[in-house]
Structure formats: structure tokens, C-alpha cells
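Report on the following structure.
Note on naming: letters A, B, ... go to the chains in the order of the sequence lines (proteins, then strands), and numbering restarts at 1 for each one.
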Number of protein chains: 4
Amino acid sequence: MTNQTPQPEETVERTVRHAAGADPQKRQQIMAGAKRVFMECGFDAASVNDICHGAGISKSTLYVYFENKEELFEAIIENERDRLFEGVADVLASESAPADVLHQFGVTIASIICSDSVVRAQRIIIGIAERMPALGARFYSGGAMRAQTALTGFLDRKVAMGELAIADTSLAAAQFIELSTVALWKPRLFGKAAAPPSPEQIDASVTSAVALFVCAYAPKSA
Amino acid sequence: MTNQTPQPEETVERTVRHAAGADPQKRQQIMAGAKRVFMECGFDAASVNDICHGAGISKSTLYVYFENKEELFEAIIENERDRLFEGVADVLASESAPADVLHQFGVTIASIICSDSVVRAQRIIIGIAERMPALGARFYSGGAMRAQTALTGFLDRKVAMGELAIADTSLAAAQFIELSTVALWKPRLFGKAAAPPSPEQIDASVTSAVALFVCAYAPKSA
Amino acid sequence: MTNQTPQPEETVERTVRHAAGADPQKRQQIMAGAKRVFMECGFDAASVNDICHGAGISKSTLYVYFENKEELFEAIIENERDRLFEGVADVLASESAPADVLHQFGVTIASIICSDSVVRAQRIIIGIAERMPALGARFYSGGAMRAQTALTGFLDRKVAMGELAIADTSLAAAQFIELSTVALWKPRLFGKAAAPPSPEQIDASVTSAVALFVCAYAPKSA
Amino acid sequence: MTNQTPQPEETVERTVRHAAGADPQKRQQIMAGAKRVFMECGFDAASVNDICHGAGISKSTLYVYFENKEELFEAIIENERDRLFEGVADVLASESAPADVLHQFGVTIASIICSDSVVRAQRIIIGIAERMPALGARFYSGGAMRAQTALTGFLDRKVAMGELAIADTSLAAAQFIELSTVALWKPRLFGKAAAPPSPEQIDASVTSAVALFVCAYAPKSA
DNA sequence: AATGAATGAGTGTTCATTCAT
DNA sequence: CATGAATGAACACTCATTCAT
């Protein structure tokens with residue numbers, strides 16, 4: 001009684017599989033405009049109307065370049081992901097003492113992770129992680145996780161050089177990052193801290209983080 | 001796009017207007033039903049229809065007890081907030097060695113914070129923190145923050161007793177909690193880890209956390 | 001990359017299953033209005049907007065009473081189906097000579113089957129029979145087929161009484177109906193005949209039909 | 001709602017406007033591709049996108065060769081119309097006894113008329129006969145009607161030869177065709193019979209049709 | 001106090017068609 | 001001649017909310 005459609009065939013392919021929306025420049029323009037709207041409103045509250053208006057295109061054009069709202073959103077996130085933590089590993093190349101390098105790394109990453117734009121993006125991703133867990137996972141792996149991987153490599157080198165004594169460098173890296181944003185990131189994420197932390201606040205957190213880290217992982221002097 | 005204004009503090013008038021027609025028992029019934037739907041769908045995706053159906057009431061009745069969907073959601077969260085971390089401070093009353101107490105506390109809080117229900121709630125709160133920052137702030141203060149406060153008190157006592165040497169106990173408490181969920185909570189939040197961590201995983205994180213903590217904050221033996 | 005939604009649960013039932021739209025009077029009003037629009041435009045070309053406007057209700061109200069456009073259409077057809085050939089069997093109760101009864105039956109059914117409203121309905125049903133074959137089947141069974149069944153009964157009686165000699169009364173009934181609308185129904189269906197056939201045209205077709213029928217199925221006089 | 005006006009006869013201007021930029025081979029290619037899509041989806045459900053994709057051309061090119069979707073459809077139908085009943089008249093040239101010839105003719109035409117492709121085409125034509133009655137009329141005239149005309153000619157010859165006695169040969173031809181598909185075509189059209197009738201079913205219908213026909217129209221032996 | 005019935009404004013998506021190149 | 005790119009209008013459908021009873 002309800003739905004009697006047989007549709008066994010569906011032979012006619014229903015659309016060109018979006019290899020069509022070729023012009024990469026326009027695609028970028030759309031993504032740029034859409035990003036602004038998404039970041040301002042979140043995924044659900046950003047209407048396709050708003051997005052198109054914000055990107056200066058018609059709704060139909062949007063659907064030439066992207067299959068649907070979700071795909072557009074994913075494309076934006078995938079694009080943004082890597083950019084966020086881009087230069088973060090550079091400071092690890094420094095030849096300074098490990099404690100100093102760690103300090104600078106901690107400050108850098110805490111600044112990024114607590115910045116307005118990153119927090120906003122994280123909120124949106126987390127908010128739809130229930131519905132799009134793969135996207136969230138990729139965002140995490142490609143973003144925060146990448147910084148952690150870089151740090152792990154740094155720690156490995158220092159361990160090899162005898163400057164640090166760490167059993168599980170991967171865990172240690174995660175610990176250091178977590179410590180660097182202690183009492184900074186969570187309040188940001190939940191909206192308790194309306195503005196990014198001041199350099200002084202960051203410095204305090206990171207200084208304490210380095211202290212703990214060095215205390216725990218400095219090589220035992222014979 | 002819908003509501004971004006940070007609520008101009010009309011608490012009194014609001015309460016009066018709606019507490020009026022209110023059998024508190026029915027109010028609880030509605031909140032219980034609505035909670036299930038919100039937790040399952042998220043804020044935006046939970047339709048008022050679903051909520052009413054889930055609570056066994058008519059839409060009109062809902063609007064007798066709550067001004068709108070947002071207010072209902074806030075009421076639920078305010079109600080739930082304290083329950084989540086309820087028994088967490090109990091283990092701090094133990095007379096065991098600080099390291100053992102900390103270990104048990106870390107395991108307890110990591111288990112809670114990474115559980116399905118808590119992660120789900122956090123995702124929803126974080127997802128709308130942009131639109132309802134006050135709610136997010138209160139959720140954070142009343143939830144995770146309360147555990148941190150309890151731990152701070154514990155540390156204060158131990159410092160007074162000379163069993164620990166900590167300059168900033170509040171910071172130290174935050175550090176310990178953060179360390180206990182290292183590599184556990186974030187993957188959960190972002191959807192990378194689909195299931196709560198195993199007891200073994202938790203134990204490993206917490207053990208390392210306690211080690212760092214003791215190393216850094218154990219009193220210098222004269 | 002495309003769709004990563006897991007949705008294993010869907011526990012929250014998404015809507016009341018339309019036992020809701022109870023008021024049968026309003027339901028009838030909607031169906032009456034919608035029928036007019038459907039008959040005028042066909043299924044695809046009748047927009048839900050038009051339908052609502054034609055029925056004097058809002059779109060939302062429509063969806064309280066019917067799950068979707070298809071269900072509304074089906075309800076209308078199911079409702080109409082039986083009405084179309086309602087009184088057609090009555091003439092078969094007559095005590096007149098079989099040839100006379102057949103003639104009157106033929107005229108009646110040809111008039112109905114070639115009428116504007118029936119042809120219009122048939123066109124629409126046939127047009128979507130590919131997509132909704134079950135509906136088409138039920139329409140046919142409950143409509144034209146019912147007349148055929150009634151006629152079969154009549155023929156059975158006459159055979160029993162020795163007034164006709166028919167091996168397969170069911171086939172004979174179908175033949176008679178088909179013959180009665182020869183050169184009348186098909187042109188109507190395909191749009192070649194813009195108006196229903198005149199009584200004279202019908203009479204001619206039916207007269208010839210009766211002649212053939214009697215010639216073939218009259219009992220062999222000993 | 002879209003187009004109900006019965007086309008104010010602008011045939012000349014239209015032809016000129018479009019026959020202009022027209023490589024007839026490409027036109028055929030387009031029609032071939034579009035036919036497949038139309039037959040599979042129906043008129044309304046076949047999107048111009050699908051059609052162009054199916055024909056391997058761009059949308060703009062389509063509109064060079066055809067004024068719009070309707071005109072394309074009409075061109076296809078006009079083209080197909082005659083092909084459907086192409087060889088049907090051949091069997092009428094046989095020198096066998098009239099009854100045998102009629103039987104073979106009946107089987108041939110019933111097979112064609114109940115075939116998947118013909119039923120599908122008929123459904124589509126009938127479905128839009130309300131909107132494009134002229135097309136339906138031409139389809140009927142050029143298709144089924146042509147078979148009937150051929151049969152009329154055959155009957156005329158047999159009457160002239162004294163092998164049959166028929167007052168209205170045109171009516172008789174229509175009657176025979178109708179009888180040959182009794183209980184076969186209508187169920188197909190309405191979707192009650194999902195598959196074409198078996199040869200046995202067809203034979204039964206046609207055999208009975210010939211019997212009635214011969215009984216009614218055989219010359220009275222003196 | 002409680003509700004069944006109703007809605008206007010909005011959702012994401014697709015349509016047939018056109019125009020600059 | 002042919003097209004890639006673009007669009008406004010329309011699509012079926014859902015939303016949070018209100019009001020007469």
C-alpha cells in the first residue's frame with residue numbers, strides 16, 4: 001500500500017558524476033564563500049541559501065560543483081585541515097636546547113589550537129561528529145594529530161641523542177601537547193573563554209608543561 | 001543564523017511567565033523524554049515533533065512548560081550537568097597514599113569523560129557553543145570543572161600535610177586530569193575512536209599521568 | 001568520502017504514523033480538492049502547491065493527513081475506483097430477454113468508460129503504471145474488472161437457464177465489454193476523440209456487439 | 001499546469017527556425033539516445049540532463065536541434081510510430097483460408113500490442129495525451145489504426161470475393177483486433193500483468209476471436 | 001490545564017532553458 | 001556549429017510555533 005515502486009533497473013545514469021564542475025577557480029571561490037558562512041553558523045544552521053548568497057553564486061551553480069551540502073562541507077574541511085597546523089613542525093628543527101624548543105613548540109601550538117578560527121572549526125566538526133564520524137576522524141588525524149606526530153619524531157631524535165629518556169615517545173608527545181593547552185583549550189571549546197588566551201596565559205601553561213616534561217623525561221644523570 | 005544574541009538576561013520574567021502553568025512532575029517527564037531525543041539526534045536535528053512524541057505529550061503542552069526549544073534544551077542540560085560527575089570526588093576522601101588516590105581518581109574521571117553518554121552530550125554542547133555560549137560555559141563549570149575543583153582541594157590538603165609540593169594546585173589539578181585522558185578523550189570527541197577506551201588503555205594513560213605528576217610534585221626529600 | 005553516516009539505530013520514531021490526521025471530514029475535503037487538481041494536470045504536473053491551493057489548505061496541513069504526494073494520490077484513486085462502475089451491475093437484474101439486457105449493459109458501460117472523467121482518470125493511472133504498478137492493478141481490478149465479473153455472473157445464470165451456450169463465461173464477458181467499446185474507447189484514450197461518443201455511436205457499437213455475441217453464444221436450436 | 005494550450009499551429013515557423021542548424025545525422029543520434037531515456041523514465045521523469053547524457057551531447061546542442069523537450073519527444077514518437085506495426089499487414093497477403101489468415105494476423109498483432117516496448121510507449125503517450133492530444137491522436141492513427149486499416153482492406157477483398165459477408169468492414173476490423181487482445185492488453189496497460197502474455201494465452205484469445213468472427217461474418221450458405 | 005489542528009516560512013535539491021564564448 | 005557554465009523558478013517536504021476550544 002505504501003510504496004510499490006519496483007525500480008529494478010535504474011539503468012539511466014542520473015547525473016554526470018561531478019567531474020563536470022571543472023573550473024577549479026570557481027570551485028575555490030565557492031568554497032571560500034561557503035567556509036565563511038559555515039564557520040559563522042555551523043553546519044545545520046548554515047542554509048544553502050545563505051551559502052550561495054555568501055559565495056555570490058546561484059543555488060543551481062552550487063550543485064554543479066558539489067553533490068550536496070555535506071560534500072561541500074567535507075571539501076572545505078579537507079581543504080582547511082592541513083593548513084591549520086602547517087608551520088607547526090618548523091620550530092622542531094631548531095638546534096637549541098630541548099627545553100627551549102619544546103617551549104616554543106608549545107607556545108606555537110597552543111596559540112593555534114586556541115585561536116578563534118580553529119576553535120570555531122573544531123566546534124562544528126565535533127558537533128556533527130555523530131553524523132559524520134569519518135570526517136571528524138580525518139580532521140583530527142590530519143590536524144592536531146599531525147603536530148603530535150612531528151613532535152614524536154623530534155622526541156625520538158633527542159632520545160637517540162641521549163638528551164631525553166622516554167620509553168613511549170608517542171605518548172609523551174601527546175602528553176606535552178595536552179599539558180601546553182591545560183586550562184586554555186577546553187574553556188575555549190565550551191564557550192567559557194570568549195577570547196583566545198593572552199600570550200602570558202599561554203606562556204604560563206607552557207612553562208609549567210615544559211617543567212613537568214623535563215622533570216619526567218630528562219635523562220638520569222649518572 | 002537563527003539565534004546568536006547572548007540572551008539579555010531576562011531570567012526573572014521568563015521564569016515567572018512559565019513556571020506559572022507548571023506541574024513540576026510533568027516538567028520532569030517532559031525533560032526526561034526530550035533528553036533521550038536530544039542526546040540521540042543533537043539539538044538541530046531533534047525536531048519538536050520527535051521530542052513531544054518521545055515525551056508522550058502534545059506540542060502545545062510543551063510550549064506551556066517551556067518558552068521554546070532552546071529553553072527546553074538549556075533546562076535539560078542544566079539538570080544533567082551536575083549528575084555527570086557526581087560521585088567523582090568520593091575517591092579523594094581515601095586515606096591511601098596520594099599516588100594511589102590519584103590513580104583511582106584518574107581512572108574514574110577518564111572512564112566517565114570518555115563514556116558514550118558523556119561524549120555525546122559534550123559534542124552537542126560544543127556544537128552549539130557558538131550560538132549558546134553561556135550554556136556551554138555553565139556546562140563546563142558545573143561538570144568537568146567541578147571535578148577539577150575537588151581535586152584542587154585534595155591537592156591543597158596534601159600540600160598542607162607536606163605530602164606534595166605544588167605551587168599552583170589549581171593548575172596542577174587541571175594538568176592531572178588532562179594527563180589522565182591523554183590520547184583518549186580527543187579521539188573520542190572527534191569520532192576517531194568509535195568506542196570508549198578499554199580499562200587497559202585507561203590504566204596506561206593514568207599510570208603515566210601519575211608518574212609525571214609524582215615526579216614533578218613530590219616533595220623534595222631533604 | 002561520500003556518505004559516512006552510520007545510523008544503525010534510528011530508535012526515535014520519526015513521526016506519528018498518520019493515525020493522527022483523524023478528522024475524516026477534512027480528509028475528504030482535501031481529497032476532493034486534490035482530485036480536481038490531479039485530474040486536471042496529471043500526477044507529475046500537479047504540484048503540491050497547486051493541490052493545497054485547490055483544496056484550500058496549507059501545505060503543512062496536507063502532510064498531517066497524508067504521508068506524501070503518492071499516498072494522497074493513491075487514497076484518491078482507491079476512493080474513486082469503486083464509485084466509477086457503481087450502478088453498472090443493476091441492469092443485469094432485469095428479467096428482459098438476454099439480448100436486451102446485454103444491450104443496455106453495453107450502453108451503460110460504454111458510456112461510463114468513455115466519459116471524460118473516467119478517461120482522464122485512466123490516462124493518469126496508466127501514465128504512472130510503470131512507477132506504481134500495484135495501484136494500476138488495483139484500479140483495474142476494482143473498476144473495469146468488477147463490471148466484467150458481474151457480467152460473468154449474469155452469463156453463468158443464463159447458461160444455467162439454457163438461454164445461452166457459453167463454454168468460458170469469463171472470457172465471453174470480457175469479449176462483450178471489449179466489443180461494446182470498439183472504436184470508441186481507444187480513440188478517447190489516445191486523445192484522438194476529444195469528446196465522449198454520442199449516444200448514436202455507442203448504440204451502433206453495442207448493437208453490433210450484441211449481434212456478434214448472440215450469434216456466437218445463442219444455444220443451438222435443436 | 002505547465003502547458004495545456006493545444007499548440008496554435010506554428011508548424012512552419014518552428015520548422016524553419018530549427019531545421020536550419022541541423023545535421024540530420026546528429027538529429028537522429030540525439031533522437032536515438034533520447035528515445036532510450038524517455039522509454040525508460042517516461043516524459044516527465046526523463047530529465048533533459050539524462051537525455052543529453054544518454055545521447056552523448058551537451059544540453060546546448062540539444063536546443064539547437066529541438067525547440068524544447070516536448071518537441072523532441074514529439075519528433076521521437078512521430079519517428080517511432082510507424083515502425084511499431086511495420087510488418088503487420090504482410091500476413092494478410094496470404095492465400096490461405098480467411099480464418100487461418102485472421103488467426104495469424106491476430107496472433108501477430110496481439111504479440112506486438114502486448115510487448116514490453118509497445119506497452120511502455122503507449123503508457124507514456126496516454127499519460128500525456130491530456131497535455132498533447134494531437135500527438136496521441138497521430139500516434140494512434142499511425143500505429144494501431146494502420147493495422148486496422150490494413151485489415152479493413154483485407155476484409156473488403158474477401159467480401160468482394162464472397163468469402164465473407166460484412167456490412168461495415170471497418171467496424172469488423174476493429175472488432176477483430178479488439179477481440180484478439182481480450183483480457184490481454186488492458187491488464188498489461190494498467191500494470192496488472194507484469195509480463196507479456198504467453199503464446200498459449202494469445203492463441204486462446206485469438207482462437208476465440210476467430211470463432212466469433214467467423215460465426216458472425218461467414219457468408220450465409222444458401 | 002491541555003490539546004488537536006493548523007500554518008507561513010523555510011529546507012535541500014532539481015528543473016528546463018539560455019548565453020557568452 | 002557546438003558547448004561549458006550559469007540560472008531563476010519550481011519542486012516535494014519539514015520546521016518551530018500558535019490558537020480556538
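Toward the 5′ end of DNA chain F lies the nearest nucleotide of A/G56, the other residue of the pair B/F43 and A/G56 mapping further downstream.
Considering only heavy atoms from C-beta on, C/C52 comes within 4.5 Å of C/V48 through its side chain. Inter-residue side-chain proximity for A/R123 and A/R120 is flagged as unmet; no heavy-atom pair is nearer than 4.5 Å. Within the 4.5 Å cutoff, the side chain of A/F38 has no heavy atoms near those of the A/I77 side chain.
As rounded to whole Å, 13 Å separates atom P of F/dC13 from atom CZ of C/F66. A straight line from CD of B/E70 to C1' of F/dT17 spans 13 Å, rounded to a whole angstrom. Atom CD1 in C/I30 sits about 11 Å away from atom P in E/dA5, given to the nearest Å. Between B/H53 atom NE2 and F/dC15 atom C1' there is a gap of 18 Å when expressed in whole angstrom units. Here F/dC13 presents its P atom at 9 Å from CG of C/L62, a figure rounded to the nearest Å. Atom NZ in C/K69 sits about 12 Å away from atom C1' in F/dC13, given to the nearest Å. Distance D/I57 CD1 to F/dA2 C1': 10 Å, rounded to the nearest Å. Computed from coordinates, the D/E71 CD to E/dA16 P distance equals 16 Å when rounded to whole Å.
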- Go through the steps for A/D44 and B/R131 under the test salt bridge (charged side-chain N to carboxylate O under 4.0 Å, His left out), then give the verdict. CA-CA 12 Å; A/D44 281 309; B/R131 276 185 278 169; over 6 Å; no
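The side chain of B/S47 has F/dA16 as its nearest neighbour among F/dT3, E/dA16, F/dA16. The side chain of A/K26 lies closest to F/dA6, out of F/dT14, F/dA6, E/dA16. Among the nucleotides E/dA16, E/dT7, E/dT11, the one closest to the side chain of A/N49 is E/dT11. Picking from E/dG10, E/dT17, F/dC11 the nucleotide with the shortest atom distance to the side chain of D/Y63 gives E/dT17. Out of F/dT17, F/dT7, F/dC13, the shortest distance to the side chain of B/N68 is found at F/dT17. In this structure, the nucleotide among E/dG12, F/dT14, E/dT7 sitting nearest to the side chain of C/K59 is F/dT14.
Using a 4.0 Å cut-off, some side-chain N or O of D/Y65 falls inside it from OP1 or OP2 of F/dA2. Side-chain N/O atoms of C/T61 include none lying less than 4.0 angstrom from OP1 or OP2 on E/dA6.
Of the residues listed (B/E74, B/K35, B/R27, B/M31), the one engaging B/N79 in a side chain to side chain contact (heavy atoms under 4.5 Å, CB included) is B/M31, and it is the only one.
Across all strands shown, the partner of F/dA20 is E/dT3, judged by Watson-Crick or G-U wobble contacts whose two distances both fall under 3.5 Å. Nucleotide E/dT13 forms a pair with F/dA10, judged by Watson-Crick or G-U wobble geometry with both contacts under 3.5 Å.
Within 4.0 Å of C/V48, counting heavy atoms only, lie sugar-phosphate atoms of the nucleic acid but no base atom.
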